[in-house]
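All figures in this text were calculated on a predicted structure; none of them were measured in a lab. Order of the sequence lines fixes the chain letters, A, B, ..., with proteins taken first and strands second; residue numbering starts at 1 for each chain.
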Amino acid sequence: MPELPEVEVVRRGLHEHVAGRTVAGVEVLHDRAIRRHLPGAADFTSRLADRTMVAARRRGKYLWVDLSDGDALLAHLGMSGQLLVQPADAPDEKHLRVRVRFADGGPELRFVDQRTFGGLALAEVVEVDGAVLPLPVAHIARDPMDPAFDPDAAVAAMRRRRTDVKRALLDQTLVSGVGNIYADEALWRSRLHGLRPTAKLTRAKAAEVLAHASQVMHEALGEGGTSFDALYVNVNGQSGYFDRSLDVYGQENRPCGRCGTAIVREPFMNRSSFSCPRCQPRPRGVA
DNA sequence: CTTATGACCTGCAAGC
DNA sequence: TGCTTGCAGGTCATAA
């Protein structure tokens, strides 16, 4: 599941349910789910066996579990991935891709993913700028919930970019964790159209949109994350409720909560952007 | 180096 | 009732 709050919900569940448990066996039911693990399924399975899961961690939308003897089990949920803790006798999910059984015979960890954009891998951990991260996560910027997140540095990096503010918000090498929903929400709160060029934002405005992104993600986390359907659930299969608190995302034709103007949907990168045409006017000279 | 554009998948809802 | 089209929370390799 997609954005930072949903991934954090999963991280907490993982930490609670798998930390301290030792892997007994792994079953890869769909090779694409471990495509980022270059040595392949046999290697993935054999190297995970007998390892103990130590702690669940996260940066942005990436999630991993530190393993005894070093290395980490890295996960990205892509668009439709789920990590579920299920009783061993529960029937297999339709899109079950990887199963991890534990030596204690308790509930197993399952990676379920309809669209297979997500996946698992074993990765070595490296130190980057004072943080210990799996190698494939080394290029991902700190997210706003990271205690070492530096707002001034993020503002500077954003204003250095020659692109539009929404693209910048979605760029995981500038600030991580923000996806299509929370980008639109942060822009609405900041009264900015997503096509505004970052280079022309004042320092204060850039800081404001980042602060709003952080704020809206915190609020969503407090509601257990955002979900419109059964695809976005925690490890126990439960959905969050933040979709009821969204101001613009998915609200096409509904009145803006500030001015009453109908929210519009515009195509953006093979997806959609939602905004209030009055509170968030398009920059001039942009199609 | 930076920035923009598809490609990668499956399933659902809407429209004809 | 089918069929087709569009759309979905993301990231990455590639090209300019």
Report yes if a side-chain nitrogen or oxygen of A/K94 is closer than 4.0 Å to either non-bridging phosphate oxygen (OP1 or OP2) of B/dG11; otherwise report no. yes

Can A/F117 be called stacked on B/dC8 when the rule is centres closer than 5.5 Å and an angle between planes below 30°? yes

Hey, does A/S272 reach any base, or is it just sugar-phosphate, or nothing, if we go heavy atoms under 4.0 Å? sugar-phosphate

Record whether the side chain of A/R115 comes under 3.5 Å of the base of C/dA8 through a donor-acceptor pair of N or O atoms. yes

Distance below 4.0 Å between A/H76 side-chain N/O and C/dT11 OP1 or OP2: yes

Just to be sure I understand the rule, does A/R167 reach a base, reach only the sugar-phosphate, or reach nothing, if contact means heavy atoms closer than 4.0 Å? base

Partner lookup for C/dA15, please. Criteria are Watson-Crick or G-U wobble with both distances under 3.5 angstrom; report none if nothing qualifies. B/dT3

Below 4.0 Å: OP1/OP2 of B/dT2 and any side-chain N or O of A/R161: no

So does A/H95 get a side-chain nitrogen or oxygen closer than 4.0 Å to the phosphate oxygens (OP1/OP2) of B/dC9? no

With heavy-atom distances below 4.5 Å as the criterion, would you say the side chains of A/K166 and A/L192 are in contact? no

Is the terminal nitrogen or CZ of A/R97 (NZ for Lys, CZ for Arg) located under 6.0 angstrom from the six-membered ring centre of A/F111 and within 45° of that ring's axis? no

Sugar-phosphate, base or nothing in reach of A/H139, heavy atoms under 4.0 Å: sugar-phosphate

A/F228 near the nucleic acid: base, sugar-phosphate alone, or nothing, with a heavy-atom cut-off under 4.0 Å? base

Sugar-phosphate only, base, or nothing, as touched by A/F242 at under 4.0 Å among non-hydrogen atoms: nothing

At 4.0 Å (heavy atoms only), tell me whether A/R265 reaches a base, stays on the sugar-phosphate, or touches nothing. sugar-phosphate

With a non-hydrogen cut-off below 4.0 angstrom, is A/R35 in contact with a base, only sugar-phosphate, or nothing? nothing

Any A/Q114 side-chain N or O less than 4.0 Å from OP1/OP2 of B/dC9: no

Within 45° of the axis and under 6.0 Å from the centre of the six-membered ring of A/W64, does NZ or CZ of A/R11 qualify? no

Can you see if the side chain of A/T116 gets near the phosphate of B/dC8 - specifically, an N or O under 4.0 Å from OP1 or OP2? no

